[in-house]
Protein chains: 2
Amino acid sequence: MVLQTLNSLGPQHGYAIAARLGQVSGGALQLNMGTLYPALMRLEQRGLLRGNWAITDNNRRARFYALTAAGRRELAKERQAWDRMAAIIHALLRGEI
Amino acid sequence: MVLQTLNSLGPQHGYAIAARLGQVSGGALQLNMGTLYPALMRLEQRGLLRGNWAITDNNRRARFYALTAAGRRELAKERQAWDRMAAIIHALLRGEI
DNA sequence: GGTGATATTCCGTTGGTGTGTCTAATAGAG
DNA sequence: CTCTATTAGACACACCAACGGAATATCACC
């Protein structure tokens, strides 16, 4: 979800990612800080994001994360994996399998 | 997934639940034993399942778990929750929101 | 100087992973 | 017929990953 948000919006800082995800999901995807920031660090560690300090439009320092090429590839893979798994679970819950 | 399996098939023992889930998902849902058995105990603890020792058709002792009424209600709730969440994530990954 | 935006860190809890072990039943070798 | 190997089935345990919640730090702005 983080990768997808950055893919849609371009580079964003953590606070904005959380706000965006909460907003577009009507509150269903509320990342709390203790979940989001370690996740961002793991993603950067894996080379899927790159973070840079910069100044926001309201003139505050914030760490902006951008997708790397590997991050875009990973996002595509995750999308596929999600689609496969969601289809299976959906069918299972419908009793179709 | 465990609740749904018991709902479809009636009372089953853990080994059969795992085999069934692995089979209907083409291997995508492989519960390993250290995941499944604690999960069954938690579900029983919460009153969603009831377990009884019985003899299988190949004459071995096994613990058969059956859905309780509360288990059926929980399954319905989980199905709804899944549908809502899956729709949101699907739309998110498509960039539709 | 208080408030809000943004980041970081800590710690407790939950739950999965992997592996090992126990028991009973059956199949197969001799 | 007896001994052994294998399988089905359940469970225990130690380790690890990730989440939740909250505290804290910094800085800009009104």
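Convention: sequence-line order gives letters A, B, ...; per-chain numbering from 1. Since this is a predicted model, take the numbers as computed values, not measurements.
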> Atom CZ of B:Arg63 to atom P of C:dT23: distance rounded to whole Å?
Replying inline: 18 Å
>> On DNA chain D, does the nearest nucleotide to B:Gly14 precede the nearest nucleotide to B:Pro38 from the 5' side, or the other way round? Give the residue.
In response: B:Gly14
>> Tell me which one of A:Met1, A:Gln23, A:Arg20 satisfies side-chain contact (heavy atoms from CB on, under 4.5 Å) with A:Leu29.
In response: A:Met1
>> If hydrophobic clusters are built from ILVMFWY residues whose side chains come within less than 4.5 Å, do B:Leu93 and A:Ile89 share one?
In response: yes
>> In this structure, how many angstroms lie between the C1' atom of C:dT8 and the NE2 atom of A:His13, rounded?
In response: 15 Å
> Between D:dA10 atom P and B:Asn52 atom CG, what is the distance in whole Å?
Replying inline: 13 Å
> Crowded around B:Arg63 CZ? As in, over 12 foreign heavy atoms under 6.0 Å?
Replying inline: yes
> Rounding to a whole Å, what distance do you find between B:Leu29:CG and C:dG16:C1'?
Replying inline: 15 Å
>> Measure CE/B:Met41 against P/D:dG9 and give the value in whole Å, please.
In response: 16 Å
> Salt-bridged, A:Arg79 to A:Glu74, with N to O below 4.0 Å?
Replying inline: no
> When every nucleotide of nucleotides 16-23 of chain D is labelled 5' to 3' by its protein contacts under 4.0 Å (heavy atoms), B for base, S for sugar-phosphate only, - for none, what sequence of letters results?
Replying inline: --SSBBB-
>> For A:Thr68 versus A:Leu49, what's the shortest heavy-atom pair and its separation?
In response: CG2-C, 3.8 Å
> Does the side chain of A:Arg50 come within less than 4.5 Å of A:Tyr65's, by heavy atoms?
Replying inline: no
>> Rounded to whole Å, please give me the gap between CD in A:Gln45 and C1' in C:dT8.
In response: 16 Å
> For A:Leu36 and A:Val2, what are the C-alpha separation, side-chain angles and deciding distance, and is it a side-chain contact (heavy atoms from CB on, under 4.5 Å)?
Replying inline: CA-CA 9 Å; A:Leu36 177 60; A:Val2 169; 4.1 Å; yes
>> Looking at B:Gln30, I'd like to know if its CD atom is crowded, meaning that more than 12 non-hydrogen atoms belonging to other residues, nucleotides or ligands lie closer than 6.0 Å.
In response: yes
Give me the distances for all protein-to-nucleotides 26-30 of chain D N/O pairs that come in under 3.5 Å?
| unit_1 | atom_1 | unit_2 | atom_2 | d |
| --- | --- | --- | --- | --- |
| D:dA28 | N3 | A:Arg60 | NH2 | 3.2 |
| D:dC29 | OP1 | A:Asn59 | ND2 | 2.9 |

> With a cut-off of 6.0 Å (strictly less than), are more than 12 heavy atoms of other residues, nucleotides or ligands near CD of A:Gln45?
Replying inline: no
> Expressed in angstrom and rounded to an integer, what is the separation of A:Ile55 atom CD1 from C:dA5 atom P?
Replying inline: 17 Å
> How many Å lie between OH on A:Tyr37 and P on C:dA5, as a whole number?
Replying inline: 12 Å
